[in-house]
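Values below: all heavy atoms of this structure, side chains included; hydrogens, waters and symmetry mates excluded. Since we're looking at a predicted model, the values are computed, not measured.
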Amino acid sequence: MHTLPLADIDALFLDAGNTLVGMDLALVCERLAAHGIAAEPADVERAEAGARPALSRLLARGRSSEDRDTFVFHIRNAIAALPSVAARGEGGDAADAELDRIAHAVAHELKDAGTRRLWSRVLPGVPEALAALHAAGVRLAVVSNSDGTIEAGMAAVGLRHYLDAVFDSRVVGYEKPDARIFTAALAQIGTKPGRTAHLGDLHAVDVVGARGAGVHGVLVDPFDDWRDDACPRTRSTAELARALLDTRGAAR
Ligand SMILES: [Mg+2]
């Protein structure tokens, strides 16, 4: 966290997926099992996080995070990294084609379950972190690439009342990393970019996008997968919240 000026931050923007809420791991395991792939929830959690840098590189080339093909790409990389799949080793073209087929099916089945169902797992410590930040007077807003459902999704998991506003790319009309979704959020929240941090899990979308609007970009990196990207990193929303609150407490 050494490059984030914690004492200057009085507003925190938050990505939703993999920052506040994660995929329903039981649902993912169920869909994988239906296609003959055995996986424990912890394995899925680890493999998905490890696949994020490759997803970020794809998004850096201009692909939308909301395209189904983008999700298929990400799910394929995550499946390939599962212990039960990686242990099979190089399987040649036939195995690659089979993995393509399974990834396509699983990704579409997960999307078809709906955003609210798929992204319904509140990450550990998030409610407590948002409650404490809100109580301390830190302005909070979700800035999410989504499909118009994120505000209702935040309400459904009990997080909406901690947030000053929710910005959904489908509603705002701009998708991260377009700086305009951040400038719209800054204007509505009424904070200065230099006093605002944005926390998210994809460098090309969250960190690059935030920086485009002059906002401090911070990466959620739970398993130390992003060593090559020069930006402030934290393991979780809860960890960043503790750092912010500790700094505010020490300043009083
Ligand atoms: Mg995300």
Side-chain angles (χ1 to χ4, degrees), residues 11-31 41 44-45 48-49 51-52 55-56 59 64-72 74-75 78 106-134 138-178 180-182 184-185 188-189 197-202 205-206 209-210 218-220 222 234 236-238 240-241:
L12 181 61
F13 293 168
L14 298 143
D15 169 45
N18 290 331
T19 300
L20 300 178
V21 291
M23 281 193 263
D24 178 339
L25 297 173
L27 175 65
V28 178
C29 289
E30 173 201 304
R31 296 329 308 157
V44 172
E45 185 176 30
E48 188 281 325
R52 292 176 201 164
L55 174 60
S56 183
L59 298 173
S64 168
S65 61
E66 299 313 290
D67 283 353
R68 281 206 171 204
D69 285 351
T70 302
F71 192 58
V72 172
H74 185 50
I75 291 297
V106 169
H108 281 260
E109 287 164 15
L110 293 176
K111 279 280 190 189
D112 290 343
T115 304
R116 286 263 295 273
R117 167 89 196 277
L118 180 58
W119 295 95
S120 60
R121 180 172 55 97
V122 177
L123 295 175
V126 163
E128 297 83 354
L130 297 190
L133 289 167
H134 183 69
V138 178
R139 306 274 280 160
L140 299 171
V142 160
V143 179
S144 171
N145 286 354
S146 192
D147 56 3
T149 66
I150 202 64
E151 182 152 18
M154 289 293 102
V157 295
L159 299 179
R160 177 63 185 92
H161 62 286
Y162 298 123
L163 305 164
D164 293 288
V166 175
F167 301 91
D168 183 313
S169 61
R170 178 71 63 83
V171 176
V172 178
Y174 306 110
E175 202 170 83
K176 298 179 290 184
D178 192 319
R180 288 175 289 186
I181 190 169
F182 292 98
Q188 188 170 325
I189 293 292
H198 171 73
L199 180 64
D201 69 307
L202 293 170
V205 166
D206 292 298
V218 183
L219 196 59
V220 180
T234 183
S236 64
T237 297
L240 178 62

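Asp147 contributes atom CG, which lies 3.5 Å from atom OG1 of Thr115 (distance to the nearest 0.5 angstrom). To the nearest 0.5 Å, atom CD of residue Glu45 and atom CG of residue Leu25 are 5.5 Å apart. The distance from the CG atom of Leu20 to the OG atom of Ser144 is 9.0 Å, given to the nearest 0.5 Å. Taken from OG1 in Thr237 to CD in Glu128, the straight-line distance is 12.0 Å, to the nearest 0.5 Å. The line from CZ of Arg68 to NZ of Lys111 is 7.0 Å long, rounded to the nearest 0.5 Å. For the atom pair Asp15 CG and Asp206 CG, the distance stands at 4.5 Å (nearest 0.5 Å).
In this structure a side-chain-to-backbone donor-acceptor pair under 3.5 Å is missing from Lys176 to Ile181. Counting only distance, with no hydrogens or angles, the side chain of Arg121 and the backbone of Met23 share a donor-acceptor pair below 3.5 Å. Formation of a donor-acceptor pair under 3.5 Å by the Asp168 side chain with backbone atoms of Ile150 is found in this model.
Side chains of Asn18 and Arg52 form a contact here, defined as non-hydrogen atoms less than 4.5 Å apart. At least one side-chain heavy atom of Val122 sits under 4.5 Å from a side-chain heavy atom of Pro127.
Leu159 approaches Leu130 most closely through the heavy-atom pair CD2-CD1, 4.1 Å. The two residues Arg116 and Ala152 come nearest to each other via the heavy atoms NH1-CB, 3.7 Å. Nearest approach of Met154 to Leu163, heavy atoms of both residues: CG-CD1, 4.1 Å. Contact detail for Ala165 and Ile189: the closest heavy-atom pair is CB-CD1, 3.8 Å. Nearest approach of Arg31 to Val106, heavy atoms of both residues: O-CG2, 4.0 Å. Heavy-atom minimum distance, Val171 versus Gly148: CG2-CA, 4.2 Å.
Using modelled atom types and a 3.5 Å distance limit, the side chains of Glu175 and Ser64 yield a donor-acceptor pair.
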Could you walk me through whether Val72 and His74 pass side chain to side chain contact (heavy atoms under 4.5 Å, CB included), step by step? CA-CA 5 Å; Val72 172; His74 185 50; over 6 Å; no
Run Leu118 and Phe71 through side chain to side chain contact (heavy atoms under 4.5 Å, CB included) and show every step you take. CA-CA 13 Å; Leu118 180 58; Phe71 192 58; 4.0 Å; yes
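The pair Asp178-Arg180 meets the salt-bridge criterion, since a charged nitrogen lies less than 4.0 angstrom from a carboxylate oxygen.
By the 6.0 Å contact criterion, CD on Glu66 is enclosed, its count of non-hydrogen atoms from other residues, nucleotides or ligands being greater than 12.
Classified by interplanar angle (parallel below 30°, tilted 30° to 60°, perpendicular above 60°), the ring pair Phe182/Phe13 is parallel.
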